[in-house]
Number of protein chains: 2
Amino acid sequence: MIERRQTIQRDLVYKAVEELHNHPNAQEVYLKVKETHPRIGMATVYRNLNLLVEEEKLLKVPVSDGPDRFDATIIEHCHIQCIKCKRVVDIDYTPNMVKLMNACAKTGYTSISPNLVISGICPECQNKN
Amino acid sequence: MIERRQTIQRDLVYKAVEELHNHPNAQEVYLKVKETHPRIGMATVYRNLNLLVEEEKLLKVPVSDGPDRFDATIIEHCHIQCIKCKRVVDIDYTPNMVKLMNACAKTGYTSISPNLVISGICPECQNKN
DNA sequence: GTGCCTGCAAATGTTTTGCAAACCT
DNA sequence: AGGTTTGCAAAACATTTGCAGGCAC
């Protein structure tokens with residue numbers, strides 16, 4: 001096990017994701033942290049986002065469109081992404097974990113974490129068209 | 001509405017995804033098509049994959065790791081990806097669509113297609129460690 | 001002091017775009 | 001003929017990596 005140190009940058013990256021609370025991507029986290037710590041580099045943001053995901057302090061949300069997004073809410077919940085403006089919001093749905101785990105077991109895979117993303121069109125973009 | 005023509009390349013891209021049936025990424029589709037049509041370009045593969053997704057003839061599977069993958073099976077089903085070898089296989093689980101749609105409705109989003117991806121470790125990679 | 005972490009720059013990898021020629025209808 | 005589509009190359013993005021110096025412990 002590698003020693004893991006506490007750094008200002010790591011804290012700031014975590015807090016940025018938490019405060020932005022709208023599933024920011026790395027770019028948005030970078031800009032947020034830059035406000036209070038202008039010398040931070042993009043690589044540091046990526047490195048810390050990945051470390052935090054590994055430590056299960058953050059959730060990586062894979063979306064079918066655009067860069068990966070991050071979420072500080074670790075409890076199980078799902079996401080819907082607008083195919084036009086790419087915005088992501090939470091939805092109040094959790095899969096049936098028993099059925100899910102059984103289905104996984106059949107494949108021989110060891111399941112880790114489910115990630116449900118739905119494509120949709122948000123109210124704003126519906127009105128624009 | 002834009003006119004859409006039938007081309008050999010489009011057919012080959014679709015058939016490649018269908019025949020590979022293991023959720024290939026663009027690179028793998030490119031190599032498969034190259035076998036019978038060596039002059040095809042990567043850009044053509046990407047353009048046609050995107051067109052086919054738009055026409056709902058293919059499904060884009062957003063994975064949390066690595067390039068996007070494509071699936072010719074349009075009927076609802078979910079996927080599990082190995083975090084080590086990145087392989088993707090189908091799982092026999094479908095979300096409860098009624099609950100899911102209700103949850104979406106609360107957000108005001110118009111739902112299109114759910115896409116559940118689970119992270120796991122495949123049997124082969126479990127044995128390697 | 002040791003060795004992980006940072007910031008910079010450069011590399012890598014994926015996907016898109018511009019353009020002239022080729023092709024479908 | 002006219003407008004899409006192709007193939008190539010280059011551009012645009014997203015993310016990772018190498019390295020010298022800085023910082024946590």
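We name chains A, B, ... by the order of the sequence lines, and we start the count at 1 in each one.
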Please answer whether the main-chain N or O of [Y] pairs with a side-chain N or O of [X] as donor and acceptor at a distance below 3.5 Å.
X	Y	answer
A/R10	A/R5	yes
A/Y93	B/N96	yes
A/Q126	A/I121	yes
A/H23	A/V88	yes
A/Q81	A/K86	yes

Exercise for review: Quickly, which of B/R87, B/E28, B/K60 forms a side-chain contact (heavy atoms from CB on, under 4.5 Å) with B/R69? Name it, please.
Suggested key: B/E28

Integer-rounded Å distance: [N] [atom2] and [X] [atom1]:
X	N	atom1	atom2	value
A/R39	C/dC8	CZ	C1'	9 Å
A/H37	C/dC5	NE2	P	15 Å
B/I40	D/dA9	CD1	P	16 Å
B/I8	C/dT25	CD1	C1'	14 Å
A/E54	C/dC4	CD	P	14 Å
B/Q9	D/dT5	CD	P	11 Å
B/L12	D/dT5	CG	P	16 Å
A/D11	D/dA24	CG	C1'	12 Å

Review point. Between A/T44 and C/dG7, is there a side-chain N or O to OP1/OP2 distance below 4.0 Å?
Key: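 So the side-chain polar atoms of A/T44 do come within 4.0 Å of the phosphate oxygens OP1 or OP2 of C/dG7, strictly under.
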
Point to revise | Distance below 4.0 Å between B/R10 side-chain N/O and D/dT5 OP1 or OP2 | key: yes

Point to revise | B/H79 and B/D71: side chain donor to acceptor below 3.5 Å | key: yes

Point to revise | Where protein sits on nucleotides 10-23 of chain C, one letter per nucleotide: B base, S sugar-phosphate only, - none, heavy atoms under 4.0 Å | key: ----SBBBB----B

Point to revise | Whichever of B/Q6 and A/K34 has its nearest DNA chain C nucleotide further upstream toward 5' | key: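 Nearest nucleotide further toward 5': that of A/K34.
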
